[in-house]
Number of protein chains: 2
Amino acid sequence: MMLHFQVFLSAIYSSGSERHLKYIPKIFNMEIFGCFALTEVSHGSNSKAIRTTAHYDPTTEEFIIHSPDFEAAKFLIGNMGKTATHAVVFAQLYTPGGQCHGLHPFVVQIRDPKTLLPVPGVMVGDVGRKLGQNGLDNGFTMFHKVRIPRQDLLNRTGDVTPEGTYVTPFKVPCLQVSQGPVPARKRSATGARLAGADCSRFGFQCHQQGRGHLGQPHLQGPGLTTCWPTAARRPPLACTTPTSPTRLVREAAPLRAAPHCGFKGERLLVSHPQIGVTGFSGDWGSLSPQQWRLLPYLAAAYALDHFAKSLFLDLMGLQQGLLKNDRSARQVRGGSLFPAALLLFQPRGFVAVNRLGDLRDNNDPNCTYEGDNNVLLQQTSNYLLGLLAPGGPGGAHFQSPLKSVAFLEAYPALLGQRFQVASLEDCLDSSVPLAAYEWLVCYLLRESYQKLNQEKRSGSDDFTARNNCQVYYCRSLALAFLELTVVRRFHEHTHQPSVPPPLRAVLQRLSALYGLWSLSQHTALLYQGGYFTGEQAGKIVESAILALCSQLKDDAVALVDVIAPPDFVMDSPIGKADGELYKNIWTTILQESKVLERASWWPEFSVNKPVIGGLRSKL
Amino acid sequence: MMLHFQVFLSAIYSSGSERHLKYIPKIFNMEIFGCFALTEVSHGSNSKAIRTTAHYDPTTEEFIIHSPDFEAAKFLIGNMGKTATHAVVFAQLYTPGGQCHGLHPFVVQIRDPKTLLPVPGVMVGDVGRKLGQNGLDNGFTMFHKVRIPRQDLLNRTGDVTPEGTYVTPFKVPCLQVSQGPVPARKRSATGARLAGADCSRFGFQCHQQGRGHLGQPHLQGPGLTTCWPTAARRPPLACTTPTSPTRLVREAAPLRAAPHCGFKGERLLVSHPQIGVTGFSGDWGSLSPQQWRLLPYLAAAYALDHFAKSLFLDLMGLQQGLLKNDRSARQVRGGSLFPAALLLFQPRGFVAVNRLGDLRDNNDPNCTYEGDNNVLLQQTSNYLLGLLAPGGPGGAHFQSPLKSVAFLEAYPALLGQRFQVASLEDCLDSSVPLAAYEWLVCYLLRESYQKLNQEKRSGSDDFTARNNCQVYYCRSLALAFLELTVVRRFHEHTHQPSVPPPLRAVLQRLSALYGLWSLSQHTALLYQGGYFTGEQAGKIVESAILALCSQLKDDAVALVDVIAPPDFVMDSPIGKADGELYKNIWTTILQESKVLERASWWPEFSVNKPVIGGLRSKL
């Protein structure tokens, strides 16, 4: 639905013109169903390498869409597999003289809306089962000289006259693509919430049986009490679309009062067949490894969810600016954050990035389609390195409308900062990891810049030089910058005055836990660059993470319920809101197809066994 | 097959006696088919919590096997789902007076071998589709008062007389379990090889098209050359069962001569539907990020494969000792490494560990079944901490027949070691990470020991104290110890004099790459504890990793071919030995079921769309 209503629609709207407005109502009432056909079997990210062609025939005023061979087939296009009737097809535009004007988008019908059969000349199919996202029918298409009206060229950046002359307002062709990855990013954040809720609920299950445990021979009888007394029997939260976390935490507050029993639970190991999770449960309160394994992800789900929503709102703001044809620098630079932001949520196969037109004079890729995390990361680090380059954006050096690089105004002075926290108690707020991240980004920025210059001085061209700087330098820089941005946004969100006082503590703990846990993957760099010195620095951060897990455990159940969707959406026997782990597992198992029946091939296993060597020729 | 021939058979053989020998021929010629029924729905790891019962009835000289409720059903038992006719069932043994003598194994028939129907009183089924290992039918069983002959108690550790008196040679009941995890470990190492070969081959594909790349507007024409000229057209290696890597590297040597073209490839992004890998290809030789993403895993596949094989041989040696009833200390301590070793390969649901009887006087868990990595890790760290404890094994303090802890004789002096490598060139041998790991294990041993004592002094009982030491301390200690052992074994293997000179360089590079790459996840600790000081230490290790990747790239194709199974086993279109990535993908897609057909529900999407609100009641 998102691909149709957002990606397809905005491709037509932003790349088309008035003559394409007729498609809009058909999109809204689903008379047609669209997809975004850019990537091909052997090319995805490099727009110049796309090989579908669109030759203009002035005698009929048509474009002829054609796939020269199977490697140029459109591939992995969502919605195309079974349902799309139309596609925005990206093809190399040729005018009658044989000149290629680069990649352009076209509206091409691929199926009859009444019968869903392919139109003549179109071979369209489904790529089949994927590792994930199997609710989406990703398809492929080969075009064999499919003719479309001239007007179905989406002509915002270039057009062809009826006689066959190419015209464009731009000096260099520049493609605008729709915002596929932003909704995809939200989808990934949703995925994080689903997974976080599912695994957390599984981990919260408690099964007690006296004090049996590894190695101690005591057995104090098989009394059975769940440590989820009232909560286990409550109905699921009656919210279908979660609103702000703060509102829902408030609603879930009564659940937090459910007492936790103080028994020492046994160590219980359960492997669940459907999802393959192996977790152990016990006294939820006392098992810090268990808390450590689950709670940081819960905190991450909150932080990333907030980030996704806030970035989406920023994008909407930019869109509004676009609609008003506001081409100010603000718009332009605001657009630079998005490729970066997409990295945290890059889904497979998603290729579009929104770049607004004015950056074509510098070296950055202006019109690029990415399908790979690493390419987006490189875009991000290129952007950051560009801020340091001599002759960079000058007086507006570190301004960014989303303020994502404002902190760099203190570069390189920031490099002199040092980790000043001396006690655990001073390490329990997200301002600590935030400051560390600012130092870290500056450090990696300097290191990457030096490394890049070193590579160039050794004679490498720009392409090779940048490649050789990705690992440990530019890539790490981009990742750290993104994490910093997420940490900052959640820190500001949880510390703003409007947060209701009863919620402030738990939200700030989540923020601190996420920030420290995320930061701790960079401890080596913090030591390497001198921000950390001595043994205590690393240990304080570790202790703070464990302490925050312990502080959050009593709110964990309610926090999960806030973000968890209803059971039927979660669709997991171990993640049900009622907490009845074993009953739900047992019921699910017994509902499976032919669970108690013999396999169809049972005779070959008993009375009709194949004879060894029986397949060999008897000659 | 492994579950039947190794786990089931050795359970009967090692836990049974002469009266059970009759089962052995039936196992070998597959008149019966067995499984290992230990875990239950709600209990896996704690043997004392297993709830299946076996009550002895002296009037009929039978045991009555019974599952009190569904939570006690045997669960996730491999082979049980569709095919097993017999099970080694672990149940709590009760003599007629009502006294429980703990967990014992019994041979229980669950299906009629001729019909594969369940025997009366047995409800047996399949748990259904799992996240992985779907070639194995994991099942569940509930026993309703199933009677078995007295003699079908596997009576090596305890027996019941016909009159109903329990007798045992041991003071405290101790269970011996078969070696399920060792074959499972091999299976995991095989999985690593399969995955490594598959992804590596995919990453090696090269598609060139002039010099298109991100952002540079050059387009030098669509000349198409693969960078896998001769290799792409060679037949797959005709080896069905890979033997020693050294032998096969020799056989594959001619392939290494295939020249690599020097073109700058384009950046190509492909997402493959079946496995969901997103990789990019280009000039394999110049893209260090690509090398960095793949080659360490290739090195790991070699190192882990060697480790699995060498450990298996050690286990066989111990087995031989067992068969000769050799209960020397050597045997006992040798057994202690295995729980530790299993951790690197812990598959889901696998529960058995071999512990030999003499350790029951100390605090370590003697007879424990684990299904969870963390429990095995804790066993390992308990073992290591036990070496430090006052009144530990005394004069034989650091002896271990597999020599896995011999280096600890230099504890605590080892803690004074420092990273001495000053240049990249001196960092390219696995002796460097080996020395660092020895320091690291000593450091974590000291830290864990101090942390544990601190926890105990604060009043925690042993269970809680150990729990609170797992994260960042004991768990990290165990992991580091295991990694050290793998690194050491591969280092010794690749540096022994018998390695053929032409192979020495490449094998030692693999060893160095694996060691450094594995070590680099602990850089933070190396700084924290003072082994690393200053910026250069971390950077030298990183540079060495990249340098080794670059040195190994020319051998990469051949190295993959050595470990890759034949194509039909790999069963992956992107991992085929001929290297024809796109053709294989295209062919596979087109073979899928109903790939070009409409979905069965197509009318609901076109002419028969559901009306919004149409499901609401019309009342």
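In what follows, every chain begins at residue 1, and chains take the letters A, B, ... in the order their sequences are listed. Because only heavy atoms are used, hydrogens play no part in the values below, and waters and symmetry mates are left out as well, while side chains stay in.
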Can you confirm whether Leu117(A) sits close enough to Trp602(B) that some side-chain heavy atom of one is under 4.5 Å from a side-chain heavy atom of the other?
no

Side-chain contact test, heavy atoms from C-beta onward, threshold under 4.5 Å: evaluate it for Phe140(A) versus Ile585(B) and give yes or no.
no

If the condition is salt bridge (Lys or Arg N to Asp or Glu O under 4.0 Å), which residues does Lys82(B) pass it with, not counting sequence neighbours?
none

Nearest heavy-atom pair of [X] and [Y]: which atoms, and what distance?
X         : Y         : answer
Met123(B) : Leu596(A) : CG-CD2, 4.1 Å
Pro113(B) : Ser606(A) : O-CB, 2.9 Å
Asp126(A) : Ile589(B) : O-CG2, 4.1 Å

Do Tyr527(B) and Phe532(A) have ring centres separated by under 6.0 Å?
no

Between Phe70(A) and Tyr582(B), does the ring centre distance come in under 6.0 Å?
no

Distance, nearest 0.5 Å, that separates [atom1] of [X] from [atom2] of [Y]:
X         : Y         : atom1 : atom2 : answer
Gln528(B) : Leu526(A) : CD    : CG    : 12.0 Å
Gln470(A) : Arg293(B) : CD    : CZ    : 11.0 Å
Glu535(A) : Leu525(B) : CD    : CG    : 9.5 Å
Leu581(A) : Glu71(B)  : CG    : CD    : 8.5 Å

Please classify the contact between [X] and chain B as side chain, backbone, both or neither, with a heavy-atom cut-off of under 4.5 Å.
X         : value
Val124(A) : backbone
Ala537(A) : neither
Arg111(A) : neither
Glu447(A) : side chain

Decide if atom NZ of Lys539(A) counts as having more than 12 heavy atoms of other residues, nucleotides or ligands within a radius under 6.0 Å.
yes

Select one option (side chain, backbone, both, neither) describing which atoms of Thr115(B) are under 4.5 Å from chain A's heavy atoms.
both

For Lys583(B), is it the side chain, the backbone, both, or neither that has a heavy atom closer than 4.5 Å to a heavy atom of chain A?
both

Side chains of Tyr473(A) and Glu542(B) only: does a donor on one sit below 3.5 Å from an acceptor on the other?
no

Taking side-chain contact (heavy atoms from CB on, under 4.5 Å) as the test, write out the residues that go with Leu546(B), two or more places apart.
Val471(A), Tyr472(A), Trp292(B)

